[in-house]
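The next block holds one structure in the form of structure tokens; read it before the comments.
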2 protein chains.
Amino acid sequence: MKLSANEEYGLRCLVRLAYAGFEERALTIPEISQAEGVSPAYAAKILRVLRKGGFVKAARGKEGGYTLARPAASIRIGDVIDALGGRLFESDFCDSHAGQAPICTRSVDCSVRSLWRAVQVAVDQVLSKTTLRDLLQNEEEMNSWVRTIPGANGLRLIQ
Amino acid sequence: MKLSANEEYGLRCLVRLAYAGFEERALTIPEISQAEGVSPAYAAKILRVLRKGGFVKAARGKEGGYTLARPAASIRIGDVIDALGGRLFESDFCDSHAGQAPICTRSVDCSVRSLWRAVQVAVDQVLSKTTLRDLLQNEEEMNSWVRTIPGANGLRLIQ
DNA sequence: CCTAATCTATACTTAATAGTCAAGATTACT
DNA sequence: AGTAATCTTGACTATTAAGTATAGATTAGG
């Protein structure tokens with residue numbers, strides 16, 4: 001139950017590109033890698049995932065670089081996380097040992113899986129409501145956000 | 001953002017031991033490993049972690065085996081997950097590259113980290129309210145649980 | 001058309017996690 | 001005491017994720 005490096009750095013790259021987008025400026029791999037403190041090669045690897053996920057687009061050649069492929073407000077963090085590292089649980093543990101044990105009361109469900117599902121729902125409620133736009137700390141527009149999660153140290157989510 | 005194998009199997013082992021506890025019965029490694037569909041050696045490895053975490057206790061020798069170290073109702077799932085695989089984010093990404101970048105508005109915080117913290121809070125709200133006892137599907141006592149998480153397919157949490 | 005700046009792709013290395021193996025230590029029962 | 005059933009430990013291997021290296025493809029500008 002950890003964040004992968006891909007998820008962490010990938011999301012950070014998007015935030016930078018969103019800021020650069022305010023000035024209609026593309027960022028190059030050297031710029032991004034230096035800002036994030038990772039090697040250019042690794043930044044390139046992450047950016048490829050983001051490009052294939054449709055979150056960024058690249059322009060080659062001189063004066064090239066990366067920009068967001070669409071407006072920050074239309075990029076849901078949940079979708080980004082999906083592309084970068086997958087959801088909390090994918091394998092179907094309960095099915096794989098169905099019939100062996102007295103724990104599963106229904107053939108395709110059991111208590112442990114229900115718990116993971118509850119966790120997944122809780123996570124999704126945060127991630128699917130948050131867009132890349134919400135992560136930009138832009139004082140002027142903070143008023144458009146409504147709810148503040150207690151304990152989340154100031155993060156606002158769309159209502 | 002995935003569940004580790006340790007977390008999945010470790011929690012399942014605890015559920016089995018809790019059920020066995022109803023009959024005041026200890027479970028051996030062969031029993032547990034067969035029920036969970038993992039090798040005895042791997043089950044032993046996981047059970048060691050659970051023992052060091054204080055969740056189970058072991059009796060050696062003939063007639064030995066594992067039992068819960070304390071009542072299921074006193075074992076919080078959040079603590080189990082902590083012992084088995086750690087929390088969602090540990091490293092302090094924002095501090096590690098502080099001073100380099102224009103994203104962090106405060107020296108020890110930034111938008112991405114706030115998001116992770118919000119996710120962590122959401123997860124904790126589920127995991128710290130749920131005990132091992134809550135995962136036992138015991139019809140007689142289901143009434144003592146109060147809230148049902150929508151979409152969680154029947155999981156009840158303590159109010 | 002040439003060059004420098006840029007992305008692209010694939011293969012490689014290293015580190016972390018998952019899972020196995022074998023030898024040793026403890027206990028109940030006879 | 002002896003034996004079989006059990007847990008305990010540490011080292012080992014395999015698989016996956018993280019991160020690197022290198023050669024190639026594309027483009028702007030001279």
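Below, chain A is the first sequence line, B the second, and so on; all start at residue 1.
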Between A/Leu17 and the options A/Thr67, A/Ile32, A/Leu132, the side chain to side chain contact (heavy atoms under 4.5 Å, CB included) test singles out A/Ile32
Name the nucleic acid region contacted by A/Leu27, choosing base, sugar-phosphate or nothing; use a 4.0 angstrom heavy-atom cut-off, strictly under.
sugar-phosphate
Grab the [atom1]-[atom2] distance between [X] and [N] for me, whole Å please.
X       : N      : atom1 : atom2 : answer
B/Lys2  : D/dT15 : NZ    : C1'   : 13 Å
A/Leu47 : C/dT6  : CG    : P     : 14 Å
B/Lys62 : C/dA28 : NZ    : C1'   : 7 Å
A/Arg48 : D/dA21 : CZ    : P     : 17 Å
B/Asn6  : C/dT20 : CG    : P     : 13 Å
B/Leu84 : C/dA18 : CG    : C1'   : 14 Å
B/Lys45 : D/dT13 : NZ    : C1'   : 11 Å
A/Ile29 : C/dC7  : CD1   : C1'   : 6 Å

Out of [options], which has the shortest distance to the side chain of [X]?
X       : options                : result
A/Ala5  : D/dG19, D/dC7, D/dT9   : D/dG19
B/Ser39 : C/dT20, D/dT8, D/dA18  : C/dT20
A/Ala41 : C/dA9, D/dA21, D/dT9   : D/dA21
A/Glu63 : D/dA28, C/dT17, C/dT10 : D/dA28
A/Tyr66 : D/dG19, D/dA21, C/dC7  : C/dC7

* Asked: What pair of heavy atoms forms the shortest contact from A/Gly54 to A/Ala69, and how long is it?
  ->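 Closest pair (atom of A/Gly54, atom of A/Ala69, distance): O-CB, 3.5 Å.
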Quiz item: Do A/Cys13 and A/Leu50 touch side chain to side chain, with heavy atoms closer than 4.5 Å?
Solution: yes
Is the backbone N or O of A/Gly85 less than 3.5 Å from a side-chain atom of B/Lys2, with the two atoms forming a donor-acceptor pair by type?
->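 Here the side-chain-to-backbone pair exists.
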Whether B/Arg51 contacts D/dT8 is assessed here as follows: a side-chain N or O lying under 4.0 Å from the phosphate OP1 or OP2. Is that the case?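 For B/Arg51, the contact criterion (side-chain N or O under 4.0 Å from OP1 or OP2 of D/dT8) is met.
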